[in-house]
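Data first, discussion second: the structure below is written as structure tokens.
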Number of protein chains: 2
Amino acid sequence: MTTKHTTGTLSRERLVKAAQDLHWKHGVAATTPRQVLERSGVGQGSLYHHFPTKRDLSLAAVTRTVEEMLESARSTLLASSTPPQRIREYLSHPRDAVAGCRVGRLTADAAVMSDSELQNLIADYFVELIAIVTDVFAEDGMDRTKAQQRATAAIATVQGGYVISRALGDPQPMADAINGMLELLEQKSST
Amino acid sequence: MTTKHTTGTLSRERLVKAAQDLHWKHGVAATTPRQVLERSGVGQGSLYHHFPTKRDLSLAAVTRTVEEMLESARSTLLASSTPPQRIREYLSHPRDAVAGCRVGRLTADAAVMSDSELQNLIADYFVELIAIVTDVFAEDGMDRTKAQQRATAAIATVQGGYVISRALGDPQPMADAINGMLELLEQKSST
DNA sequence: GTCTATAAGAGGATAGAC
DNA sequence: GTCTATCCTCTTATAGAC
């Protein structure tokens, strides 16, 4: 990869960051170039210099968001504690439940779902996240099929917690869902 | 409630049904009056006669959708079988996972979340659904707090299953999440 | 690289005839 | 109650000067 010949392009960074924030609040389709300009403080021409179309900016911002979210998940799930502890820490990780998941909410976004490249980004996010969590369960001796089902259920609980908490405008459902799942995972089994 | 003086107003029905379908596919904000007109075969003036604003139509369509979804849930969860059987039947109910939940997906819809009346509709849906499922768990002798956490976790698994299946464009994650949750719920506990 | 001005088109709503 | 024609605004993108 060749280094950019300019001095870092601060405008580009500001544009991507502004787009990420607006995507989280309003979604990709509902984020307008004007909002990005206002929030970033960058001028009209600069936006279209760095990103010829709205889609180019969306692609850059969503790519960045997925990278950040995966890095956060890895820092918890690849820690040095025991597998059950890492699962517990992942599930009880502090979340702004009412704001929703930055990636998960994009599955209801027309601009993302109608563009295969954008959709692939969020597909890869969940494929990778499921793989990481599955490995943690499997590490504990569970067979791979069961580990994957349990991992998917755990991640679904978090995603569903976001959905319900957003619907109610209340973080409690997320807390309930996580506690319900933790209780199920940690009960003594006689199987 | 007074009966409408006209002969049933077929146009109105067609408009609501068309809006419901379009909301499921594209969301509320992304559904335009023009799309509703094309899909329903109704003329421009008729739409604005029955629904003065787009919001009025959205309100009617979302209200109808929530009613239909709750009725479907009740028919499974208030059946005559045992509580564990009803939970199993609710979770393994056939779903178009890739299409997403007609209600849950609206939590990422700007038109819904920016309008308190519309948001209340989807909040009430989940409050009611959680209450119904909680009752089923409690009926089985579980204490109310634990029953509510388990109910919320179960519903979150379904909602999260939708999110992940949509992201991947594949019904398998929903199946995995449901199977993972069923396995956890039905394991023999020694607590 | 950045700016201002502006054009092409879609979305939401209204007017007024029938 | 329903229709066609029309209006205003916002979004997206381009043009061309600096």
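Values below: every heavy atom of this structure, side chains too, minus hydrogens, waters and symmetry copies. Please read all numbers here as calculations on a predicted model, not as lab measurements. Order of the sequence lines sets the chain letters (A, B, ...), proteins ahead of strands, with each chain counted from 1.
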- [ ] Start with the C-alpha gap between A:Asp176 and B:Lys146, add the side-chain angles, then the distance that decides, and say whether salt bridge (Lys or Arg N to Asp or Glu O under 4.0 Å) holds.
- [x] CA-CA 9 Å; A:Asp176 285 351; B:Lys146 187 173 162 186; over 6 Å; no
For residues 149-160 of chain B, dump all side-chain donor-acceptor pairs below 3.5 Å to protein atoms at least two apart in sequence or in another chain.
{"from": "B:Arg150", "atom 1": "NH2", "to": "A:Glu183", "atom 2": "OE1", "distance (Å)": "2.6"}
{"from": "B:Thr152", "atom 1": "OG1", "to": "B:Gln148", "atom 2": "O", "distance (Å)": "2.7"}
{"from": "B:Thr157", "atom 1": "OG1", "to": "B:Ala153", "atom 2": "O", "distance (Å)": "2.7"}

- [ ] Using whole Å, report how far CZ of A:Phe51 lies from P of C:dT2.
- [x] 11 Å
- [ ] Compare all side-chain heavy atoms of B:His23 with those of B:Thr65 and state whether any distance is below 4.5 angstrom.
- [x] no
Tabulate protein N/O versus nucleotide N/O from nucleotides 12-16 of chain D, keeping only pairs under 3.5 Å, one per line.
{"from": "D:dT12", "atom 1": "OP1", "to": "A:Lys54", "atom 2": "NZ", "distance (Å)": "2.7"}
{"from": "D:dT12", "atom 1": "OP2", "to": "A:Pro33", "atom 2": "N", "distance (Å)": "3.4"}
{"from": "D:dA13", "atom 1": "OP2", "to": "A:Lys54", "atom 2": "N", "distance (Å)": "3.0"}
{"from": "D:dA13", "atom 1": "N7", "to": "A:Tyr48", "atom 2": "OH", "distance (Å)": "3.3"}
{"from": "D:dA13", "atom 1": "N6", "to": "A:Gln44", "atom 2": "NE2", "distance (Å)": "2.5"}

TODO: Using salt bridge (charged side-chain N to carboxylate O under 4.0 Å, His left out) as the criterion, list what pairs up with B:Arg86, not counting sequence neighbours.
DONE: B:Glu139
Task: Between C1' of D:dC3 and NE2 of B:His50, the distance in whole Å - done: 13 Å
Task: All side chain to side chain contact (heavy atoms under 4.5 Å, CB included) counterparts of A:Ala30, not counting sequence neighbours - done: A:His26
- [ ] Please determine if a side-chain N or O atom of B:Ser46 lies less than 4.0 Å away from the OP1 or OP2 oxygen of D:dC3.
- [x] yes
Task: Integer-rounded Å distance: D:dT2 P and B:Arg14 CZ - done: 11 Å
TODO: Write down the distance between CG (B:Leu57) and C1' (C:dG12), rounded to a whole number of angstrom.
DONE: 13 Å
- [ ] Using a cut-off of strictly less than 4.0 Å, decide whether A:His49 has a side-chain nitrogen or oxygen near OP1 or OP2 of C:dC3.
- [x] no
Open item on the list: Please give me every residue in residues 106-114 of chain A whose heavy atoms get under 4.0 Å of an atom in DNA chain D, ordered by residue number.
Closed with: none
Open item on the list: Less than 4.0 angstrom from a charged side-chain N to a carboxylate O is my criterion; do A:Arg105 and B:Asp109 meet it?
Closed with: no
Task: Results of side chain to side chain contact (heavy atoms under 4.5 Å, CB included) for A:Met113 - residues two or more places apart only - done: A:Gln119, A:Ile122, B:Arg166
TODO: Using the six-membered ring of A:Tyr90, assess whether NZ or CZ of A:Arg74 lies under 6.0 Å from its centre and within 45 degrees of the ring axis.
DONE: no
